[in-house]
Amino acid sequence: MTDDISQTFAAQLLDMREQLIERLRAQRGGQASAVEAAQSARAEASDDWATANAERDLDFALQAHETEELNLIDAALARIADGTYGVCEDCACDIPAARLHANPFTARCIDCQSKLEARA
Ligand SMILES: [Zn+2]
């Protein structure tokens, strides 16, 4: 992978990263940490426990998903920095550019990813 192309993906990943962090911040109502969000969710929950709990659980599930995505993006940026970006983690083949465009933080080729998902 040439530096030019890596830089394009790096810019895209940084963009995605910023949007994710914005989204996480919005979900937490501007609160800095999940702990603060949980505390305020508990405070609000006194009126209607069941509804508030369900909403909070959903928020946390979304956040877990987005936190995971953030980790994947950071890992991809680290691979760009150390020059291993675009190489499959499992079989060391070059991940096709089309796949990277569709999913810039993927660490595996389609074959290895589907094997991994079949195991899970
Ligand atoms: Zn592979």
Side-chain angles (χ1 to χ4, degrees):
M1 177 144 309
T2 69
D3 276 0
D4 269 8
I5 294 171
S6 293
Q7 284 320 305
T8 306
F9 282 117
Q12 198 178 338
L13 284 160
L14 285 170
D15 229 41
M16 292 171 83
R17 194 174 190 282
E18 225 160 84
Q19 284 171 21
L20 255 181
I21 290 171
E22 269 310 301
R23 219 150 66 211
L24 281 166
R25 206 170 276 152
Q27 278 169 18
R28 287 174 187 171
Q31 282 148 329
S33 72
V35 176
E36 283 174 46
Q39 280 166 350
S40 94
R42 254 203 308 279
E44 286 162 19
S46 53
D47 279 347
D48 187 344
W49 263 108
T51 312
N53 267 343
E55 277 169 11
R56 193 199 59 193
D57 287 351
L58 184 66
D59 276 358
F60 280 4
L62 284 172
Q63 279 181 19
H65 176 79
E66 273 155 0
T67 305
E68 160 103 36
E69 204 168 303
L70 202 58
N71 289 336
L72 290 173
I73 290 171
D74 282 346
L77 286 167
R79 288 196 300 278
I80 289 175
D82 70 16
T84 60
Y85 183 73
V87 176
C88 174
E89 241 174 28
D90 288 355
C91 72
C93 73
D94 286 333
I95 301 171
R99 174 162 169 77
L100 289 172
H101 279 294
N103 187 358
F105 48 77
T106 192
R108 287 178 188 82
C109 68
I110 291 174
D111 280 356
C112 292
Q113 187 65 42
S114 42
K115 272 182 228 159
L116 188 81
E117 278 162 15
R119 268 207 306 274

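Values below: all heavy atoms of this structure, side chains included; hydrogens, waters and symmetry mates excluded. Residues take their numbers from the sequence shown, with the count starting at 1.
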Asker: Any non-hydrogen side-chain atom of Asn103 less than 4.5 Å from a side-chain atom of Phe105?
Answerer: yes
Asker: What residues form a salt bridge (Lys or Arg N to Asp or Glu O under 4.0 Å) with Glu18, not counting sequence neighbours?
Answerer: none
Asker: With rounding to the nearest 0.5 angstrom, report the NE2 to OG1 distance, His101 to Thr106.
Answerer: 13.5 Å
Asker: Apply side-chain contact (heavy atoms from CB on, under 4.5 Å) to Cys93 and list each qualifying residue two or more places apart in sequence or on a separate chain.
Answerer: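 Cys93 satisfies side-chain contact (heavy atoms from CB on, under 4.5 Å) with Cys88, Cys91, Cys109 only.
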Asker: Give the intermediate values and the outcome of side chain to side chain contact (heavy atoms under 4.5 Å, CB included) for residues Val87 and Asp94.
Answerer: CA-CA 5 Å; Val87 176; Asp94 286 333; 4.1 Å; yes
Asker: Say you draw a straight line from NZ of Lys115 to CZ of Arg108; how long is it, rounded to the nearest 0.5 Å?
Answerer: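 Rounded to the nearest 0.5 Å, the NZ-CZ separation comes out at 11.5 Å.
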Asker: Please determine whether residues Leu14 and Tyr85 belong to a single hydrophobic cluster, defined as Ile, Leu, Val, Met, Phe, Trp and Tyr linked transitively by side-chain heavy-atom distances below 4.5 Å.
Answerer: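 Result: yes, single cluster for both.
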Asker: Taking side-chain hydrogen bond (donor to acceptor under 3.5 Å, both in side chains) as the definition, give me every residue that meets it alongside Asn71, ordered by chain and number, with sequence neighbours left out.
Answerer: none
Asker: Excluding sequence neighbours, so at least two apart, what forms salt bridge (Lys or Arg N to Asp or Glu O under 4.0 Å) with Glu22?
Answerer: Arg25
Asker: For the atom pair CD (Gln113) and CD1 (Ile110), what is the distance rounded to the nearest 0.5 Å?
Answerer: 9.5 Å
Asker: Apply side-chain contact (heavy atoms from CB on, under 4.5 Å) to Asp82 and list each qualifying residue two or more places apart in sequence or on a separate chain.
Answerer: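 Here the qualifying residues are Arg79, Thr84.
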Asker: Residues two or more places apart in sequence or in another chain: which of them pass salt bridge (Lys or Arg N to Asp or Glu O under 4.0 Å) with Asp111?
Answerer: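 Salt bridge (Lys or Arg N to Asp or Glu O under 4.0 Å) check on Asp111 returns nothing, list empty.
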Asker: Checking Gln19 now: which residues fulfil side-chain hydrogen bond (donor to acceptor under 3.5 Å, both in side chains) with it, not counting sequence neighbours?
Answerer: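 If we apply the side-chain hydrogen bond (donor to acceptor under 3.5 Å, both in side chains) test to Gln19, skipping adjacent residues, there are no hits.
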Asker: How long is the gap from CG on Leu70 to CD1 on Ile21, to the nearest 0.5 Å?
Answerer: 5.0 Å
Asker: What pairs with Asp74 under salt bridge (Lys or Arg N to Asp or Glu O under 4.0 Å), at least two apart in sequence or on another chain?
Answerer: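 Testing Asp74 for salt bridge (Lys or Arg N to Asp or Glu O under 4.0 Å), a comparison that skips the adjacent residues, returns Arg17.
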Asker: Looking at CG of Asp15 and CG of Leu20, how far apart are the two atoms once the value is rounded to the nearest 0.5 Å?
Answerer: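 Going from the CG atom of Asp15 to the CG atom of Leu20 covers 11.0 Å.
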Asker: What is the distance from atom CG of Leu13 to atom CD1 of Ile80, rounded to the nearest 0.5 Å?
Answerer: 5.0 Å
